[in-house]
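This report concerns only the one structure given below.
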Protein chains: 2
Amino acid sequence: MLPVVQASVPAQGSSIFDVAREAGVSRATAARALGGYGSVSEEARRRVEAAAAKLGYSVNSVARSMVTGQTMTLGALIADVSNPFFARVIRGFTDGARSAGYDVVLVNTDETVDSEIHGLKVLTEKRVDGILVAPASEEASEHLASAVDHGQALVQVDRFVPGLDTDVVVVNNYESGYQAVKRVIAIGHTRIAAPLQRTRGHDGHANLISSMLERHQGYRDAMAEAGLTVPSAYTPPAHGRSEVRTAVAGMLNSADRPTAVFGLDDSFTLGIIDAVYGCDLVVPDQVSIFGFDDTEWTTVVRPPLSVIAQPAYDLGTCAAQALLHRIHAPDAPRQTHVLPTTWIERGSIRDLTRTG
Amino acid sequence: MLPVVQASVPAQGSSIFDVAREAGVSRATAARALGGYGSVSEEARRRVEAAAAKLGYSVNSVARSMVTGQTMTLGALIADVSNPFFARVIRGFTDGARSAGYDVVLVNTDETVDSEIHGLKVLTEKRVDGILVAPASEEASEHLASAVDHGQALVQVDRFVPGLDTDVVVVNNYESGYQAVKRVIAIGHTRIAAPLQRTRGHDGHANLISSMLERHQGYRDAMAEAGLTVPSAYTPPAHGRSEVRTAVAGMLNSADRPTAVFGLDDSFTLGIIDAVYGCDLVVPDQVSIFGFDDTEWTTVVRPPLSVIAQPAYDLGTCAAQALLHRIHAPDAPRQTHVLPTTWIERGSIRDLTRTG
DNA sequence: TGCGCGAGTGAGAACGTGCTCAACAGAGGG
DNA sequence: CCCTCTGTTGAGCACGTTCTCACTCGCGCA
């Protein structure tokens with residue numbers, strides 16, 4: 001029996017050892033030829049390339065990561081890809097990553113701290129070079145702080161934990177909400193409702209999402225500034241489309257019916273529309289609606305919906321850039337990128353200052 | 001100078017070597033204690049666990065993959081996550097993968113063969129354990145065939161390349177389209193249009209997506225079976241919402257205006273609605289609409305849209321299961337899973353057999 | 001005492017790559 | 001003729017883990 005140096009015919013493919021043997025050179029020379037470093041004779045290069053093609057050689061990124069210390073992979077910890085907003089963020093993020101040679105591992109948290117902790121652990125073990133996170137909770141974020149302490153490159157998107165020393169990419173949620181409500185007040189509305197994000201306490205933590213809270217605070221401040229009171233019935237806590245629908249249906253059937261309802265996000269706005277249709281009210285004649293985030297369907301409802309549009313895709317690309325910059329320069333000062341929103345006037349808000 | 005056995009204080013964290021040293025045991029013992037195999041004394045286990053906690057040790061999955069030969073990662077090659085259909089497929093896929101301890105790397109192809117080839121190459125190099133693919137083209141698929149030949153576990157979703165020997169997870173597109181159109185014919189419609197997927201030739205390949213073609217063939221056959229002719233003006237080739245809008249607007253303004261329009265997918269249906277609104281026509285009185293895939297907005301348009309609903313999420317979970325099964329049993333016979341669609345009657349189709 | 005046995009332990013190989021170092025040959029100049 | 005320099009090459013280490021092998025030690029039993 002001869003000593004078997006490299007036995008096994010791995011199903012997955014051949015290593016650079018096989019290529020070198022096929023080409024009749026050493027491993028080092030084959031690696032140089034394929035890796036494009038050092039100096040290799042034209043003859044050797046040709047033979048190595050021919051051997052690689054013949055064997056169907058494919059570099060083993062795992063082994064490469066082992067020695068280079070980078071995986072060329074980023075992680076994304078978001079609530080839910082099937083939420084159109086996050087889907088667009090992720091698309092932007094993957095595009096930004098891909099253009100720099102990085103790939104993206106996707107983890108859904110469903111706004112659950114437990115899932116976020118577990119996802120972060122897995123991504124850390126997989127040694128991703130950087131992580132995008134839309135934090136599930138402002139309160140329970142020790143795991144994120146710990147990751148940052150350990151030198152993990154992190155970027156917070158859409159919302160952020162105040163004390164956390166990372167790059168941040170958001171839109172100006174407070175200002176956007178404030179300005180939108182101010183506009184609506186300016187055209188005569190005094191009874192404006194805005195269902196509030198219901199905190200989820202099932203895992204013992206208060207899941208407060210800063211983006212939603214800020215939008216709502218903008219609404220409250222605009223109302224207060226105009227000297228308008230906000231009855232608590234106008235800000236029922238709800239979670240998800242169906243809960244919002246129920247909550248809004250309740251206020252629409254009450255004596256003190258609002259003249260306008262503000263949807264803090266996509267699912268809220270859908271729930272509001274559900275409720276309005278369920279109560280057989282006409283938009284905008286009997287009730288006005290405006291929402292946050294401009295998804296594909298806002299132009300196919302009648303009347304088309306007035307919204308605060310946010311650049312979800314750009315949020316993702318900007319996050320990718322910030323993360324790649326952070327990876328390249330770990331000690332550069334942290335930055336907070338605030339992307340602009342756009343108010344899109346369509347036809348879902350009635351101007352009460354005009355008679356008729 | 002003492003010989004430095006393990007220098008470097010890696011920013012990323014400590015290895016099992018550091019844990020072993022901290023606990024005063026050998027690497028092997030530390031590995032046994034943390035890995036839960038072999039036999040370790042209670043005393044040693046306690047010390048190792050304490051050391052691991054103190055150092056904030058995190059297993060290096062890259063190194064583990066190196067020796068185990070599996071990355072516990074799956075790849076997903078789809079057209080576009082920001083397309084709600086694929087977003088739901090991906091959500092199902094990640095959920096199915098995650099429940100078995102796998103993560104998912106996401107790659108968008110935009111239905112481009114070049115991107116698909118490149119994405120496949122990267123995923124192969126990253127040594128993912130399996131790949132979900134929604135093939136961009138029936139024609140140009142040598143790269144997929146080559147991957148299968150090399151033993152790569154593959155599952156095709158939504159559409160498939162006929163000759164390719166992989167598991168497949170789809171809905172019955174032909175039958176769904178056929179039955180839906182048959183229903184519409186049954187209530188009196190004779191002039192039914194269905195814009196066709198336009199082939200993209202920009203990279204030299206004919207990007208024919210089997211799912212779209214089958215739906216359209218079902219439509220054609222239902223029409224033919226009822227003895228109805230389909231003027232070519234009823235099946236204008238188009239790509240994307242705005243092209244569909246333009247194409248449909250054209251036919252709606254013609255003398256031979258259709259009484260019903262079938263949207264082959266989400267973006268087509270949106271374009272059709274755009275066109276109908278643009279022509280100031282009333283649905284369903286002047287024109288009926290029905291679509292494929294039941295997205296969140298189908299209930300907020302007036303009238304609510306009648307659609308062929310497909311289980312996008314289940315498509316993803318089923319694909320994950322098939323892939324995991326394939327990884328576990330590479331030689332098991334290939335299976336094709338056909339998931340059921342559901343016809344959801346809402347109010348966007350007029351019954352022409354009823355007068356009034 | 002001698003022996004076997006099992007629990008516990010450490011040394012070390014292997015995975016496939018990137019890269020450093022030394023060696024070697026040939027050319028060219030003094 | 002010798003030395004230097006440059007282009008090319010092979011040997012070998014390192015990355016961090018899993019896992020096999022061999023070794024030691026203490027105990028029970030004949």
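Quick note on labels: first sequence line is chain A, next is B, and so on, each numbered from 1.
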Side chain of B:Asn60 (C-beta onward), nearest among D:dT17, D:dA11, D:dT18: D:dT17
Is it the case that the base of C:dG16 and the side chain of B:Arg127 share a donor-acceptor contact (distance under 3.5 Å, atom types as modelled)? no
Applying side-chain contact (heavy atoms from CB on, under 4.5 Å), run through B:Lys126 and B:Thr71 and close with a yes or a no. CA-CA 8 Å; B:Lys126 279 202 165 29; B:Thr71 52; over 6 Å; no
B:Asp18 CG to D:dG16 P: how many Å, rounded? 8 Å
With nearest nucleotide decided by heavy atoms, which residue, B:Ser61 or B:Arg32, maps closer to the 5′ end of DNA chain D? B:Ser61
I want to verify a distance call: between C:dT17, D:dT18, C:dG10, whose nearest atom is closest to the B:Thr29 side chain? C:dG10
CD/A:Gln152 to CZ/A:Arg127 distance, rounded to the nearest 0.5 angstrom? 9.0 Å
Any chance the side chains of B:Ser115 and B:Asp110 put a donor and an acceptor closer than 3.5 Å? no
Which nucleotide sits closest to the side chain of B:Met66: C:dA11, D:dT18, C:dG16? C:dG16
Whole-Å distance between D:dG16 P and A:Lys126 NZ? 18 Å
Which is it for B:Asp95 and B:Arg98 under the salt bridge (Lys or Arg N to Asp or Glu O under 4.0 Å) test, yes or no, and what are the steps along the way? CA-CA 5 Å; B:Asp95 283 1; B:Arg98 163 54 61 97; over 6 Å; no
For the atom pair CD1 (B:Ile78) and CD (B:Glu111), what is the distance rounded to the nearest 0.5 Å? 9.5 Å
Within residues 39-50 of chain B: residues closer than 4.0 Å to DNA chain C (heavy atoms): B:Ser39, B:Val40, B:Ser41, B:Ala44
Just to confirm, is there a sub-4.0 Å distance from OP1 or OP2 of C:dT17 to any side-chain nitrogen or oxygen of A:Tyr57? yes
If you define the side chain from C-beta out and look only at heavy atoms, does anything of A:Val155 sit under 4.5 Å from A:Val169? yes
Between CE of B:Met72 and P of D:dT17 the distance, given in whole Å, is 17 Å
First locate atom CG of B:Leu74, then atom CG of B:Asp103, and finally report the distance between them rounded to the nearest 0.5 Å. 8.5 Å
In whole Å, what is the span from the OH atom of B:Tyr37 to the C1' atom of C:dG8? 14 Å
Could you tell me whether the phosphate oxygens of D:dT9, OP1 or OP2, come under 4.0 Å of any side-chain nitrogen or oxygen in A:Ser26? no
In whole angstrom, give the distance that lies between atom CZ of B:Arg21 and atom C1' of C:dG10. 17 Å
Output the distance between atom CG (B:Leu34) and atom OG1 (B:Thr29), rounded to the nearest 0.5 Å. 11.0 Å
Whole angstroms only, please: what is the CZ-C1' distance between B:Arg27 and D:dA14? 13 Å
Identified salt bridge (charged side-chain N to carboxylate O under 4.0 Å, His left out) counterpart of A:Arg46 within the set A:Glu42, A:Glu49, A:Glu43: A:Glu43
Measure the distance from CG on B:Leu34 to P on C:dT9 and round it to the nearest whole Å. 14 Å
Just verifying a value: how many Å separate B:Ile90 CD1 and B:Arg88 CZ, rounded to the nearest 0.5 Å? 12.5 Å
As a check of understanding: the bend across the helix from C:dT1-D:dA30 to C:dG30-D:dC1, end axes from five pairs, rounded to 10 degrees, works out to 70°
Here the distance between atom P of D:dC15 and atom CZ of B:Phe17, to the nearest Å, is 10 Å
